[in-house]
Amino acid sequence: MSKTIVRKASFTASVFSLIILIYTPPLLALTPIVLSEGQGEYIIGEYIEYLEDKNKDLTIDEVISPELNKKFIPSDQKYLNFGYTSSAYWLRFKLKASDNNTKRWILLNDYPLTDDIQIYIPSLYGNKRFKHGGRFLPFSAKDEDYRSFAFHLDIPADSEHMYYLRVESEDSLAVILSILSPKRFAKKKHTNQLFLGIYYGFIFSMIIFYLFIYLSTRDLTHLYYVVTLFFLHFLFQFSLNGFSHAYINQDSLWWARDSIAFFETIGLVFAMQFAKVFLNIRKNARRFVKLTNIVIVAILAIAVLSLFFKYYYMIVIAVVVTMGAALLMWLVGIISYRNGFQGARFYLLSWTAIQFLGCFYGFKALGLFPSMFISEWGFQIGSLAHSVLMAFGMADLVNITFRATEATGKQQAALLETIKGIQPQIQHVVADLSEVSQSVADQASEHAITAKRVGLSIESVKQTADEMTIAALQSRDISAKTDAAAIASAKNLNQVTKGFSQTMPMIEQLEVEIGDLSTKISNTEEILVFIREIAQQINILAINAAIQAVHAGKRGRGFRVIASELRSMIHSIDSYLTHSHGLLADIRRKAQGSTVNTRETTRLIGHQVDQLRSVETAIGNISGTFGETSRQVDVIADASQKQKATVHEVAVAVDQLKAAADYLSASADTVLDNMEKLVETRKALDSLMNQIGTAN
């Protein structure tokens, strides 16, 4: 009987114990954190239970109610990370004092991006809030002058109490909770400030250093890097670490929170602009130029919109875009290096460092990676490594530019020597061409004068022929005056013959001079061909110089201007030579035509001289034979008419010769003008040579 009772009692006790185990609230299972004076710091993440408040409307009375009490979830991480969330979270933990005296401890949430923190101790204060902190409050409301949030807790002796925390943020929500003694907190604060002081001091010194370099060189690469350091590595990190709220404006929520998205995106814009200029992607990664410009414009738009739209959405967009843009800049660096740009070596190392270490922070902010040392401080360490490596990269770029400039200088010196060697030849050729052109002009003037004289002689011949015709006609009517007319005609014919005899040597001399002019024109054309060959050599040298100036980048800008001026000068010389060739060819053609006309004129004049002599003989016979007068008069009249026609032809030929001589004179003037331009071009070349010598 007694055994049966014992079994029943044992069974009942087991069932009751099971029921208690199942239905007892989790509060009874929460392990307290025993605070001991011998230990200065407790990481309490694994002693915490948390509850999500999706609507952000739960009160402390509702949270400690039996209904919600059993919904708390135990944490298995040292540091809780909820990522970007629109919910608030309630956390609870137990603190137990083992000392016999009341001690002050510090509850530290070492994450400066939390908007609102509320602390409740229901067993001591009921539903009254015990402590309040976060970015929503002024900096002066903090218990400790610290970048994060530290709360004073006076723990009663031999006590055990449950602590409730309510946290929310439009930024990523991480909870890095620890309990520290005042002494340990002071040491931790000092260590953090020392590390961050070294970081910001180095970044600030780099800003000053590269600012002075920019002011000295006016190189936009250094200016873009200065602005990148200022916004991305200084102001962005300054706000991220909670210092903007502390040192710039302690009562401004913008400086405490909203400035982070703006500084991050603005810094990223200048970082990408720096990458464009440093890597010279228009040359080394042409396919990415358009994509890079589009991304820059998009990030700049995000920066502007962050000033007007809700911070929660803008910071999420900024983090995602930053990670994507960093990957793009890293990829552009690889392409540039593969295309032969050696300066991309340190660039790749620096971006690899900041991407590898900074991505842990980005993944942590998105809730994809737990909060730990590498995710909390990776961005700062990566920024520090990035700055150091880029300093080496900028120095390496200077060395590469210096070597390229030195090589370009040697090529400049060689080109200068070549041009100096050619310059005397050019001067000699120009002088010879000037002399030949002057001679051509003088001969053309003489030919024009000779042609005018021939024209006067022809006019005299025409006048004499007219007189002969009139005299012959009068002889038909007045036979009595035949002897006198015959004598007068003989005299006139003698004058005509003398006129033609005087004209013949001048025409022959004109033919000789025209032949000599053709020979000199041939010599002039040979000189122009030689000048064209020299111009082509200088043009090839200018093209090579332009290519080397492109390789030298901005350091070769001055020599690129010289190469451009050389090519422009060669183009002018080529134009002058082409025009001169045309003129000389036209002169040669006219001279050849004049030679033909002169020869024909000479033949006609000789023929007319023979005819005139025959006429003169006939007139002599008139005096002896009067009966033949009438017939001879007819012969004289016919001969006079033929003579008149022939004289007209001679006059036309002489007019053509005169026109040719005038054209030769005008062409000679044009050649002289071109020679003057060529001399001016040579003087410009001499001046340019002096400038090159001065630059070297």
Side-chain angles (χ1 to χ4, degrees), residues 27 30-50 60 63-64 75 78-80 89-167 174-196 241-243 245-247 250 371 376:
L27 178 62
L30 191 61
T31 302
I33 304 166
V34 181
L35 302 177
S36 174
E37 191 174 358
Q39 185 173 349
E41 181 177 5
Y42 297 88
I43 307 299
I44 65 173
E46 297 177 342
Y47 297 89
I48 292 176
E49 293 180 340
Y50 61 90
I60 184 62
V63 169
I64 63 176
S75 169
K78 286 186 177 182
Y79 306 111
L80 283 75
Y89 280 85
W90 288 86
L91 295 81
R92 68 184 184 186
F93 56 87
K94 273 187 180 182
L95 294 181
K96 181 178 180 181
S98 61
D99 297 324
N100 296 324
N101 298 316
T102 300
K103 296 290 185 181
R104 168 162 289 184
W105 292 83
I106 294 178
L107 174 63
L108 175 64
N109 181 19
D110 204 9
Y111 190 69
L113 304 183
T114 309
D115 287 343
D116 187 65
I117 305 174
Q118 300 179 33
I119 303 176
Y120 297 88
I121 311 176
S123 59
L124 293 178
Y125 302 98
N127 60 358
K128 183 180 179 182
R129 185 170 57 200
F130 173 62
K131 292 284 185 179
H132 192 197
R135 292 189 295 189
F136 283 160
L137 275 68
F139 189 84
S140 58
K142 291 185 174 183
D143 287 349
E144 290 285 343
D145 183 8
Y146 186 59
R147 63 184 188 87
S148 297
F149 307 103
F151 303 95
H152 294 166
L153 299 179
D154 294 327
I155 308 299
D158 296 325
S159 63
E160 180 177 320
H161 298 285
M162 182 70 72
Y163 290 75
Y164 288 84
L165 272 73
R166 182 187 182 278
V167 293
V175 183
I176 306 176
L177 285 178
S178 60
I179 304 292
L180 301 94
S181 65
K183 183 177 180 180
R184 187 60 177 269
F185 172 76
K187 183 178 180 180
K188 186 180 184 70
K189 177 181 177 181
H190 175 74
T191 302
N192 286 345
Q193 289 181 336
L194 178 63
F195 169 74
L196 292 173
N241 296 139
F243 289 118
H245 194 207
Y247 296 106
Q250 296 185 347
S371 294
E376 292 298 330

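Counting only residues at least two apart or on different chains, the side-chain hydrogen bond (donor to acceptor under 3.5 Å, both in side chains) pairs with a member in residues 186-196 are Tyr146-Asn192.
Distance check: Ile33 CD1 to Glu46 CD gives 10.5 Å after rounding to the nearest 0.5 Å. The CD1 atom of Ile117 lies 4.5 Å from the CG atom of Asn109; values are rounded to the nearest 0.5 Å. The line from OH of Tyr79 to CG of Leu177 is 10.0 Å long, rounded to the nearest 0.5 Å. Considering CD1 of Ile106 and CG of Leu153, their distance stands at 8.5 Å, rounded to 0.5 Å. From Ile119, atom CD1 reaches atom CG of Leu107 across 5.0 Å, with rounding to the nearest 0.5 Å. Atom NE2 in His152 sits 12.0 Å away from atom NZ in Lys142 (nearest 0.5 Å).
Looking at heavy atoms from C-beta onward, Ser178 lies out of side-chain contact with Tyr42 at the 4.5 angstrom threshold. Counting heavy atoms from C-beta on, the side chains of Asp143 and Lys131 come closer than 4.5 Å. Two residues are said to be in side-chain contact when any heavy atoms from C-beta on lie closer than 4.5 Å; Lys78 and Ile176 fail this criterion. Using a 4.5 Å cut-off on side-chain heavy atoms (C-beta onward), Leu113 and Arg135 make contact. Side-chain contact check for Lys103 versus Leu35: every heavy-atom pair is 4.5 Å or farther apart. In this structure, Arg147 and Leu196 have side chains that are in contact, with non-hydrogen atoms separated by less than 4.5 Å. A heavy-atom distance below 4.5 Å is not found between the side chains of Leu165 and Ile48. Counting heavy atoms from C-beta on, the side chains of Arg92 and Tyr163 never come closer than 4.5 Å.
Counting heavy-atom neighbours within 6.0 Å of Lys96 NZ, excluding the residue itself, gives a total of 12 or less. Within a 6.0 Å sphere centred on OH of Tyr247, heavy atoms belonging to other residues, nucleotides or ligands number 12 at most.
Relative ring orientation between Phe139 and His245 is described as perpendicular, the plane-to-plane angle rising above 60° on a 0-90° scale split at 30° and 60°.
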- Query: Is there a side-chain contact (heavy atoms from CB on, under 4.5 Å) between Arg166 and Asp116 once you walk through the steps?
  - Reply: CA-CA 8 Å; Arg166 182 187 182 278; Asp116 187 65; 3.7 Å; yes

